[in-house]
Amino acid sequence: MSRLGNLGARLYRGEVGYDFVGKRKLWYGISILITITAIVGLAVRGLNMGIEFKGGAVFTTPKTSVSVAQAQEYAQEATGHPAIVQKLGNDTLRIQVSELDTGEANQVGRQLAEDMDIPAGTINAELVGPSWGAQIANKAWTGLGVFMILVVIYLAIAFEWRMAVAALVALIHDITITVGVYALVGFEVTPGTVIGLLTILGYSLYDTVVVFDSLKEGTKDITKQTRWTYGEIANRSINSTLVRSINTTVVALLPVAGLLFIGGGFLGAGMLNDISLSLFVGLAAGAYSSIFIATPLVADLKEREPAIRALKKRVLAKREAAAARGDSAEDGDLEHHGEPRDAAPGEATAAGAVVGQRGRGRGRPSSGRRR
C-alpha cells in the first residue's frame, strides 16, 4: 500500500489525526480575512465585465501579419476604448471593443482596415447588445437562488437544519472568494465565467456532504455514551474523509490547471481564462470550506444544544475523574470499578472506525475486561 493510502487508512481508523475542529477559531479568522479581502477588491476594482454584458463590437480580420500588440494599439486609437485582441487560427485576429453602436462600429472597421493595410470590407464586424448579457445574468441569479433553496431543503431533510445552514455558509464563502479573485486579477467576466461559478457549487457541496454523511453515522445515539464529545466525533469525521477529499480535489484541479496556466498562459488562449479561473479558485475554495468551515460550524451550532452541552460536561468530568485516579489512556477504556466502557456512537456501523478507540488490538472484544 502507498504511503498516502497507509495514511488514509490510519486516519479512517482514528489512529492519527489533526484537530481541525479544536482550531476552528483560527480557520474562521483566516476565512473572514480572505472574504474581507475579496469584498474590498470587488468594491474597489469591480468586475471587468465582458462585451456580452456591456455591449460592443467584435471585429474579425482576415489573415494578417499585424501583431496582437499593434492591433490592440490601432483599435484603442480608433475607438478611444480599451480593446481585447486575440490571435486565432490562420493568423487571423479577433478584436473586441465594448460600448460601440452600429455607426461607430462601421467607422472603426474602416479605420482598422486602413491602419492594418487590409482591403476595405474584409473585416467582419459583429455587434453585441448588452440586453443579451443581462438576460444571462438574470437567469444565472435565478438558477443560483433555486439551487441554494433546494440544497438547504435537501440537507435539512437528509441530515438536519444545522448542516444545511453550514453548507449554505460554505457555498456563499466559495462564491465570494471566487468573485473577489476575479476582481483582484482583472480577468474578463463572460458567460463562461457564470457557467464556471455555477459548476463549482456542485463540487463544493459534494465534499461537504461526504463529511456530513460520516458525521451523521458517527453521532448516532451520541448521548448514550460518555467517551466522546460532539466536536471530537466531528473532527474524526473530517480526518476519516481527508485523504478522499484531497484526492478528488487534486484530480479535479489538474485538468483545470492545465487550461488556466498552459492553455491560457503559455499558449495564449485567453478565451479559456474566463471559465478555468472560476473553476480553479472555486474547487480549491470548496475543498477548504468543506474541511475548515462547514463541519466546524456544524459542531459549533450543535454544541449549543442543552443535551450536547450536558454530554460534553459528562465526558470532561469522566476524564477528570480518570486523571485523578491516575488511569492511563488504555485504562480509560474501562469505567470506574471495572465496568466496561460505553460503546462509541456508530461503532457497529461502517463509520464506527471513525470514532473507535485508537490502537485497539485485533480480536480483542470492545467491552472485555483486560487481565
### Enclosure of R162 CZ (heavy-atom neighbours >12, cutoff 6.0 Å)
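For R162, atom CZ is crowded (more than 12 foreign heavy atoms under 6.0 Å).
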### Message
Surrounding CG of N138 (heavy atoms of other residues, nucleotides or ligands, distance under 6.0 Å), is the total greater than 12?
### Response
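Check passes, neighbour count above 12.
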Under 3.5 Å donor-acceptor, [X] side chain and [Y] backbone:
{"X": "N48", "Y": "G186", "value": "yes"}
{"X": "R309", "Y": "R304", "value": "yes"}
{"X": "S67", "Y": "Q70", "value": "yes"}
{"X": "S214", "Y": "V210", "value": "no"}
{"X": "N235", "Y": "V21", "value": "yes"}
{"X": "Y28", "Y": "P296", "value": "yes"}
{"X": "R314", "Y": "R227", "value": "no"}
{"X": "T219", "Y": "L215", "value": "yes"}
{"X": "E126", "Y": "V58", "value": "no"}

[X]-[Y] co-clustered via ILVMFWY side chain contacts under 4.5 Å:
{"X": "I30", "Y": "Y18", "result": "yes"}
{"X": "L254", "Y": "L279", "result": "yes"}
{"X": "L127", "Y": "M49", "result": "no"}
{"X": "V250", "Y": "L283", "result": "yes"}
{"X": "I34", "Y": "L297", "result": "yes"}

Atom pair [atom1]/[atom2] of [X] and [Y] - distance to nearest 0.5 Å:
{"X": "K313", "Y": "T226", "atom1": "NZ", "atom2": "OG1", "answer": "16.0 Å"}
{"X": "I275", "Y": "T199", "atom1": "CD1", "atom2": "OG1", "answer": "6.0 Å"}
{"X": "T122", "Y": "L112", "atom1": "OG1", "atom2": "CG", "answer": "10.5 Å"}
{"X": "R94", "Y": "N124", "atom1": "CZ", "atom2": "CG", "answer": "11.0 Å"}
{"X": "K216", "Y": "S237", "atom1": "NZ", "atom2": "OG", "answer": "13.0 Å"}
{"X": "W141", "Y": "L198", "atom1": "CH2", "atom2": "CG", "answer": "10.0 Å"}

### Task
Have a look at F20 and tell me which of L242, T295, L26 forms a side chain to side chain contact (heavy atoms under 4.5 Å, CB included) with it.
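Among L242, T295, L26, the one that satisfies the side chain to side chain contact (heavy atoms under 4.5 Å, CB included) with F20 is L242.
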### Task
Among T37, I36, T35, L42, find the one that has a side chain to side chain contact (heavy atoms under 4.5 Å, CB included) with I39.
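Answer to the side chain to side chain contact (heavy atoms under 4.5 Å, CB included) test with I39 among T37, I36, T35, L42: T35.
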Taking the side chain as everything from C-beta on, heavy atoms only, tell me whether [X] gets closer than 4.5 Å to [Y].
{"X": "I95", "Y": "M116", "value": "yes"}
{"X": "V211", "Y": "D207", "value": "no"}
{"X": "S278", "Y": "I200", "value": "no"}
{"X": "L144", "Y": "I175", "value": "yes"}
{"X": "L205", "Y": "F147", "value": "yes"}
{"X": "F159", "Y": "V209", "value": "yes"}
{"X": "Q225", "Y": "L311", "value": "yes"}
{"X": "V194", "Y": "F53", "value": "yes"}

If you look at every heavy atom in [X] and [Y], which pair is closest and at what distance?
{"X": "S31", "Y": "Y288", "answer": "OG-OH, 3.0 Å"}
{"X": "M148", "Y": "I172", "answer": "CE-CG1, 4.4 Å"}
{"X": "I222", "Y": "T229", "answer": "CD1-C, 4.4 Å"}
{"X": "S290", "Y": "A287", "answer": "OG-O, 2.9 Å"}
{"X": "S204", "Y": "L171", "answer": "OG-CD2, 3.7 Å"}
{"X": "A257", "Y": "F280", "answer": "CB-CE1, 3.9 Å"}

#### Entry: Lys/Arg-Asp/Glu bridge criterion (N-O < 4.0 Å) met for E305, K302
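Salt bridge flag = yes for K302 with E305.
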### Message
Would V298 and Y230 count as a side-chain contact (heavy atoms from CB on, under 4.5 Å) here? Give the steps.
### Response
CA-CA 10 Å; V298 170; Y230 189 95; 3.6 Å; yes
### Counterpart residues, side-chain contact (heavy atoms from CB on, under 4.5 Å), relative to Q111 (two or more places apart)
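In terms of side-chain contact (heavy atoms from CB on, under 4.5 Å), with neighbours along the sequence ignored, Q111 is linked to A78, E114, D115.
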#### Entry: Criterion side-chain contact (heavy atoms from CB on, under 4.5 Å) on L197 and V179, from CA distance to verdict
CA-CA 9 Å; L197 285 173; V179 173; 4.3 Å; yes
